[in-house]
Asks: 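Right, I'll just put the structure down here and ask away after.
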Amino acid sequence: MSEALSHGAATSLDLAGSFILTSPANDTRVDIALPGDVHAALLAADRIPDPYFGENEKVVDWVNRAPWHVERSFTATQADIDGYLTLTLAEVDCIATILLNGEVIAKTQNAFIRYDLDVTGKVHAGDNTLRIEFEVTRDVAKARADAHPFPIPFTYNYLTNGLEGVHMNFVRKAACHAGWDWGVCLMPIGVYGTMSLRKTRLARQDSVQVDQAHGKSSVELAIKTRIFAFAHGEVELEHTIDGQTVTDKVAVRQGDNVVTHHVTIHDPKLWWPAGQGAQPLYELTTTLEGEKTTRKLGLRNLEWIIEKDEIDHSFKCRVNGRDITMMGANWIPADAIPTRITPEVIRDLLESAKAGNMNMLRIWGGGQYEPDYFYELCDELGLLIWHDFMFSCMSYPSNREFLDDVRTEISQQVRRLSHHACIALWCGDNEVIGSLGWYPETKAAPERYVANYDRLNSMLGNIVEDEDPIRRFWPSSPSMGYLDFSDGWHADTRGDTHYWDVWHSAKAFEAYRTVNPRFASEFGFQSFTSMNVIETFADPKDRNPSSPVMEMHQRNNGGNARILETMTRYFRFPRDFDQMVFLSQVQQGLAIKTAIEYWRSTKPRCMGTLYWQINDIWPVASWASLDYGGQWKLLHYMAKRFYLPINVVAVPSKDNKEIALRGINDTASKAEIHLEVRAVKIGGGERVLHEGKAEIGPDAAKELETIKFKKLEADEFLFFSWTDEDGALLGENDFFPKPYKAYDIVAPAITTTWSTIDGKPALTLTTDKPALFTTATVDAPGYFSDNAVTLLPGRSTVLTFNARHGATPSIDSLAASLKVRDLSQTF
Ligand code: BMA
């Protein structure tokens, strides 16, 4: 939440730094760097073991059961305190008493609120102390739940592996801090945002919002500035953008003031989602009484077209007049130890999203509103954000006190974030409507819980209408629409869909083709995290899918069994742990590929697919496509391919008699491609089944060719590739009419050669037999341009290596650690 306050403000004293951490419950006395958290401090001081290793989650549980105090002294000069003073504390996690020079100045109770505390006259020239006393969140939450007039159960996600659960719906902090079906329960404590003392002559800026109204060749900006004045008077406000400066003398009354200024940008350079155009950003500088803030604006006209159509209701995002298919994944907080969430970590993850051909992420409601730099990076990279408000999978109270607190939270967050081009949608919550049918208490009194839900949800909608009227509010994910409280889980004619039957109900991958969502905002399939990540938390003796350590690092009941059972349906059983881990990632990729290729091919019916989930919060078996630490799992490589803007996919008919090859074009101009389809024998040998030109209109999908199943021999699969008019390869894909276990896969001899292409290390792969899911790995942070690829004899496949952070390693060092795997090695 750390708005760019301290950057330009000559008048603020940064209070971030080293504090002393103590607890009345134990003898700890160590340094803690704030912004930061207690677990990170205890870890740095060697007071706790790595919470992510083995079963240490249990060993460190005492930390969140103790109250914690932090204190520092700071020196202020007369000049620092000569005026009105605001102590700004953002992301205080969570229930705490703030003391300045021994005096209680505030109590905080919502980690999603920025507290701007008036401390005028309370800071001395010379030494001062700032002290924060944190209560035990789980105890406060329990006391509130006990005192509530009727029971409001918390999510079952807290109960895996014998945990007792926390009443997180009674406190405002990331719900997944208490664990989830992919999350460790640490319940972190700390302050993660801005900590500063701001001096003001008369008034301070609270927020700057910018609305865009797009005309033919100009954009009208309405810049809304919120000013908090300590007294009546006049202040000078200045906005500068695109060479234009608006200067105003504003008469203010004590308290909140809002002023709006209009600026017209002529011949705007438009901002586009990734893959559809550039992301030009205009810099807006705001100066109020010497306090300067900057914001970057992407100019784009974004609408949601949710209206009656021949099916039922559309659900699509229109940007600058074009209906653009949303392609991406769901986002959860990047680390369970908040200190580790840094701009570098976030940039790395978001760059991988973009490199995976994504244009949208959904910030899921069981996590958190992210720091400013997250949204700035999304603006820069062209990643649109579907933003849930932070409510997930359970009911919440709706009494006045709770609603008042949430009103402050949502108003502040919307005011903080609404100027970002990346914010596409405000969504009320994750799966709260659906959860009304999950618990004995809610099922027994549905009217009460629906009414309770509506009090909160309608308030959220009203806040968006008041604070950000040009943005769309969507009540919940999934939802069928406005005031529709029916279970929209699998409804596929309107609204957004969470389709979980393949994972949670063990249906076949083909079941994805039995639903036709308008917008699939969640669906997922798990895999184990990569072997080198498992090695960071499991000793060799624990590397077994049913060891206590591996079960601890699986938070969905029965998850490891589901992964293994699915393998027996599609593959020959892997011969060892290492191969099992690899195969789990192959099968995860296939599951999601099946869904996304099919749903994209139904365009314009389906205009969005966001798989669950892109990232992990700690090292764990999960639905993520990136390992904890940002390494690409095989699903991420496959995502890069199944999200190709110009794609060709195979869709078998329901009666399994023929295979349709469908072309998908997510670009603004028509795609003229040359398609070649071959039948390939699993042990080698191939024939061309089809070759020819095809055309796919702009923003469209259509059938290009059908192949009869009976045209394929028992040992053949389909391989198809497409090139542009100049013969440049655009993509390749394949389709296996039978499960992989039914083929007699032969071990190929794969050769590798290194070279340099455009300054990047490049690996050329050739083979003597078809090699499936061929995957190159090296011991260096980075990813290859492709992986999990099908190699065929007589062709070579070139993979370039992209370093993720730091310098590109030398070819010698990459070659030394190179491993090449393929499906034949797994059994
Ligand atoms: C979804 C999410 C999460 C959960 C995931 C996997 O529906 O909203 O609650 O982690 O399923 O079960």
Side-chain angles (χ1 to χ4, degrees), residues 153-161 163 165-166 168-169 174-185 328-334 336 361-368 386-396 427-439 474-479 487-491 495-507 512 515 517 519-529 553-563 566 588 591-592 595 608-618 620-626 628 635:
F154 54 73
T155 169
Y156 296 128
N157 286 315
Y158 298 140
L159 300 176
T160 25
N161 293 337
L163 300 178
V166 185
M168 293 297 275
N169 39 2
C176 66
H177 280 173
W180 210 261
D181 59 2
W182 36 258
V184 61
C185 172
N330 285 268
W331 173 270
I332 62 170
L361 295 173
R362 168 170 173 250
I363 296 187
W364 165 78
Q368 63 195 19
W386 168 312
H387 212 309
D388 287 0
F389 292 134
M390 295 303 131
F391 305 94
S392 183
C393 293
M394 50 194 162
S395 289
Y396 288 78
C427 172
D429 61 65
N430 172 70
E431 298 183 354
V432 177
I433 297 178
S435 80
L436 298 174
W438 294 348
Y439 306 97
W474 186 244
S476 178
S477 183
S479 164
D487 183 348
W489 229 257
H490 290 171
D496 65 321
T497 304
H498 290 192
Y499 184 74
W500 276 101
D501 277 9
V502 173
W503 175 260
H504 286 301
S505 309
K507 285 197 179 167
Y512 285 121
V515 280
F519 195 109
S521 44
E522 267 190 31
F523 51 99
F525 201 89
Q526 277 203 6
S527 67
F528 290 106
T529 190
H553 290 252
Q554 162 62 268
R555 308 314 280 254
N556 186 213
N557 276 330
N560 289 355
R562 170 74 29 80
I563 295 174
T566 308
Q588 173 191 32
I592 302 309
T609 56
L610 306 175
Y611 65 76
W612 183 267
Q613 75 218 55
I614 185 168
N615 59 327
D616 268 335
I617 199 168
W618 74 311
V620 67
S622 84
W623 301 268
S625 63
L626 298 173
Y628 173 70
L635 170 56

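First listed ligand is number 1; within each ligand, the first listed atom is number 1. Model, not experiment: these values are computed from the prediction. The analysis underlying the following values was restricted to heavy atoms, covering all of them including side chains, and did not include hydrogens, waters or symmetry mates.
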Asks: Asn556 side chain to Trp182 main-chain N or O, any donor-acceptor pair under 3.5 Å?
Replies: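 Checking the backbone N and O of Trp182 against the side chain of Asn556, no donor-acceptor pair under 3.5 Å is found.
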Asks: Run the ring-centre check on Phe519 versus Trp386 and record whether the distance is less than 6.0 Å.
Replies: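 Yes.
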Asks: Under 3.5 Å, is there a donor-acceptor pair between the side chain of Asp429 and the main chain of Gly365?
Replies: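 Not at all, since once roles are kept as given, no pair shorter than 3.5 Å links the two residues.
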Asks: Taking atom CG of Leu361 and atom CD of Gln613, what is their separation to the nearest 0.5 Å?
Replies: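 Rounded to the nearest 0.5 Å, the CG-CD separation comes out at 12.0 Å.
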Asks: Roughly how far, to the nearest 0.5 Å, is the CG atom of Asp181 from the CH2 atom of Trp623?
Replies: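 If I round to the nearest 0.5 Å, the distance is 3.5 Å.
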Asks: With a 4.0 Å heavy-atom cut-off, what residues sit around ligand 1?
Replies: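 For ligand 1, the residues that come within the 4.0 Å heavy-atom cutoff are Trp180, Asp181, Trp182, Trp364, Cys393, Asn430, Glu431, Trp500, His504, Glu522, Trp612, Trp623.
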Asks: For Phe525 together with Tyr611, are the ring centres under 6.0 Å from each other?
Replies: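 No.
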